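Structure first, then comments.
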Amino acid sequence: MAQLLFRDALNQAMSEEMERDSRVYLVGEEVAQYDGAYKVSQGMLARFGEKRVIDTPIAELGFVAVAVGSALGGLRPIIEVMTYNFAILSLDAIINTAAKAHQMTAGQLSCPIVLRGATGAGGALAAQHSQSLESQYTHIPGLICLSPSTPADAKGLLKSAIRDPNPVIFFEHEALYSAKGEVPDGEHLVPIGKGDIKREGSDVTIIAWSRQMKQLIEQADAWSEELGLDIELVDPRTLRPLDMELILASVKKTGRVVIVEEGFQFNHVGAEIAYRIQRDGFDLLDAPVERVTSIDVPMPYSPALEKLVLPNADRIKAAIRAVCYK
Amino acid sequence: MKQTSQLGAHAHNFPRGRAAELPKETLLKMYRDMVEQRRFEEATGRAYGLGKIMGFCHLYIGQEAISVGAAAALRPSDVMMSAYRIHAQAMARGVPPQAIMDELFGKATGCVQGLGGSMHIFDIAKGFWGGWGLVGQQVPTAAGVAFAQKYQSTSNITMVFFGDGAVHQGAIHETFNLASVWGLPIVFVVENNQYGMGTALSRVSSLEPLHEMADAYKIRHYEFNGMDLLESYDAFADAVDYAREHSRPVYLEAHCSRFRGHSMSDPGKYRTKDQLEEEKAHDPIPGFAAFLVDCGVTTHEALEAIDETAKAGMKLILERAEAAPWPDPELISKYVLVSP
């Protein structure tokens with residue numbers, strides 16, 4: 001086991017897969033000469049050369065779509081978008097081309113891309129640079145959506161994503177790049193569609209991913225003691241397809257569920273999880289499912305306001321008490 | 001046919017006369033292809049009127065010199081990609097007309113098993129890569145295929161078609177820039193039939209001729225009369241050779257007319273009857289027929305026989321499409337994701 005930063009775990013995953021498969025290449029803004037806007041691709045240009053680590057103009061509409069086309073043509077692009085706020089421009093290529101190519105050609109084409117980049121609120125970045133737009137992608141059949149919370153999951157999931165024959169959308173929380181964690185040595189793959197219990201508990205299930213899960217891992221011991229409730233943390237890791245088997249097994253154990261998610265509330269990913277829990281686990285529940293999301297407003301700049309908009313300790317603990325009737 | 005002077009440092013004069021040098025059999029095949037495409041689209045229009053074909057449906061009638069000239073200039077291993085006025089282009093690439101008609105009818109025997117319909121015709125084995133329904137979407141996608149061709153050190157090229165209604169999409173301009181910067185082996189073809197749906201180009205474009213825009217991206221560009229098969233072949237052959245030899249993009253503007261509406265639901269009120277008749281006077285099929293007879297390649301009678309055969313063939317194709325089976329319900333979710 002090595003201690004690695006989240007960004008270095010991603011770098012290892014990409015580098016190992018590029019060593020393994022010459023069809024894999026990295027393309028995006030600042031990925032090559034600048035070593036990555038978040039230094040995820042540090043050293044990769046020097047290692048793999050400019051044929052396989054490619055800088056683009058700041059033009060997401062075009063370069064993402066061209067990379068999608070290259071996947072149809074037999075390559076396996078890793079497409080880095082600086083943040084998912086900018087990737088909105090490339091939604092036509094992702095939703096209308098990548099997610100449709102296999103079905104619309106009756107299997108004659110496939111589109112093995114990995115779209116990856118920063119998501120979430122990085123800290124006082126205001127309305128246009130703080131969004132968690134995961135549910136825009138989880139809404140679309142034909143896409144696989146991944147959102148790791150630890151360096152180990154980041155590496156293992158990204159390697160699986162690069163090898164997957166489908167279009168994969170990979171979310172990296174901006175505040176996680178410098179997070180440190182243990183990463184298994186050698187070949188480390190995390191299967192797509194499999195969640196993980198990040199903390200065993202018996203009284204209440206909290207479902208979360210990405211940065212929210214990291215914060216919960218850090219707080220869970222203290223909160224369990226403070227609230228007198230043993231918290232179980234369930235990290236789906238894959239947002240589509242969901243590991244409902246794991247989630248329902250946890251619900252069966254606790255009977256109480258809180259979903260914590262950084263995205264806006266209306267139509268968020270957790271709403272689908274909550275629906276599935278009540279449909280397939282109605283008799284397992286002892287209380288209605290609670291959710292804690294960002295408040296449905298464009299993000300204000302002031303740190304004093306931002307912390308009120310994001311899920312925070314007060315709101316999460318209130319939700320835990322609510323489902324436990326405490 | 002509107003022709004304009006070529007301006008700009010990257011404008012190019014393509015050599016003429018290559019088509020006339022083609023073997024007699026090739027010239028006759030090109031004539032047969034144009035006629036079959038025309039008859040196919042007429043049959044499609046009739047079947048649509050009878051409710052046998054549903055959805056959006058765009059006919060190619062009038063533009064056959066472009067599809068046939070382009071296909072004749074490509075190698076089988078090259079890629080052709082397009083938007084949604086594509087039945088004839090797919091035929092030009094060798095996709096069996098029965099598989100296309102079955103697809104239009106929504107049948108299991110269609111080229112994409114009934115999942116695509118008129119706008120999404122694909123036959124990758126034949127080098128016809130669709131079939132894309134969002135205006136301009138196919139252009140960056142095709143550039144990506146050209147990127148893959150270059151990355152994999154093939155000698156293949158990609159040719160992509162779009163209409164004059166698509167040229168102001170931002171994605172297309174971003175693609176021109178990348179294709180030039182990265183040296184992609186791609187031939188961009190704007191089929192300028194003068195109307196984006198019902199909107200005349202001059203009302204929405206700050207620039208004409210359209211091929212001039214390529215100059216800003218240092219891309220070789222030129223225009224040709226897309227109603228003349230000989231000129232069309234010459235233009236495409238030069239572009240394909242250049243893209244392949246130099247691994248560079250080329251931008252062609254094909255001036256043309258469609259003799260029908262934008263789609264089956266378009267009554268075409270934006271042009272007068274006289275204007276349409278004037279455009280039909282440039283019909284590429286009789287023009288090429290006259291050339292073939294004048295050169296002694298064939299006779300009027302032989303050409304008429306080709307037409308009769310095509311008509312009879314289309315009748316049979318419609319009957320078979322009607323009789324073909326519907327897709328199984330399992331098809332609904334079969335290709336959403338690649339099976340492990």
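All of these numbers come straight from a predicted model, not from anything done at the bench. Here is how names work: the chains are called A, B, and so on, in the same order as the sequence lines, proteins then strands, and each is numbered from 1.
Environment of CD in A:Q128: sparse, with no more than 12 heavy atoms of neighbouring residues, nucleotides or ligands closer than 6.0 Å. Within a 6.0 Å radius of CD in A:E245, other residues, nucleotides and ligands contribute 12 heavy atoms or fewer. Within a 6.0 Å sphere centred on CD of A:Q33, other residues, nucleotides and ligands contribute 12 heavy atoms or fewer. The neighbour count for B:H246 NE2, taken as heavy atoms of other residues, nucleotides or ligands under 6.0 Å away, is above 12. With a 6.0 Å radius and a threshold of 12 heavy atoms from other residues, nucleotides or ligands, B:L207 has its CG atom above the threshold.
Atom CG of A:N96 sits about 5.5 Å away from atom CD of B:Q137, to the nearest 0.5 Å. With values rounded to the nearest 0.5 angstrom, B:T175 atom OG1 is found 7.5 Å from A:L61 atom CG. Residue B:Q152 holds its CD atom at 9.0 Å from CZ of A:R23, rounded to the nearest 0.5 Å. Rounded to the nearest 0.5 angstrom, A:R240 CZ and B:L337 CG are separated by 7.5 Å. Separation of atoms NZ (A:K100) and CH2 (B:W132) is listed at 10.5 Å; rounding is to 0.5 Å. Expressed to the nearest 0.5 Å, how far CD of B:E174 lies from OG of A:S90 amounts to 10.0 Å.
Between B:V336 and A:H102, the closest side-chain pair of non-hydrogen atoms is not below 4.5 Å. Using a 4.5 Å heavy-atom threshold, the side chains of B:V112 and A:M104 count as separate. With a 4.5 Å cut-off on side-chain heavy atoms, A:T105 and B:W129 do not count as touching.
Interface summary for chain B: among A:G62, A:G73, A:A106, A:S22, the most heavy-atom pairs under 4.5 angstrom belong to A:A106. In terms of heavy-atom pairs under 4.5 angstrom with chain B, the leader among A:V68, A:T97, A:L89 is A:T97. When B:L178, B:V181, B:N177, B:T158 are compared by the number of non-hydrogen pairs under 4.5 Å with chain A, B:L178 comes out ahead. Chain A forms more heavy-atom pairs under 4.5 Å with one residue of B:D123, B:I172, B:V79, B:L331 than with any other, namely B:D123. Interface check for chain B: of the options A:P165, A:P77, A:S110, the most heavy-atom pairs under 4.5 Å are formed by A:P165.
Residue B:A142 does not touch chain A at all, counting heavy-atom pairs closer than 4.5 Å. Contact annotation for B:I186: neither backbone nor side-chain heavy atoms come within less than 4.5 Å of a heavy atom of chain A. Within the 4.5 angstrom heavy-atom criterion, no atom of A:E50 approaches chain B.
Aromatic ring centres of B:F147 and A:Y25 lie closer together than 6.0 Å.
Nearest heavy atom pair, residue A:V66 against residue B:W182, reads CG1-CZ3, 4.1 Å. When all heavy atoms are compared, the tightest approach of A:D92 to B:L134 is OD1-CG, 3.7 Å.
Looking at A:R52 and B:Y151, their side chains do bring a donor and an acceptor atom within 3.5 Å of each other.
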Next on the checklist: Show, in sequence, the C-alpha distance, side-chain angles and deciding distance for B:Y335 and A:L109, and conclude whether the side-chain contact (heavy atoms from CB on, under 4.5 Å) test is met.
Outcome noted: CA-CA 10 Å; B:Y335 296 113; A:L109 291 177; over 6 Å; no
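For A:Q108 (side chain) and B:C111 (main-chain N/O), a donor-acceptor pair under 3.5 Å exists by modelled atom type.
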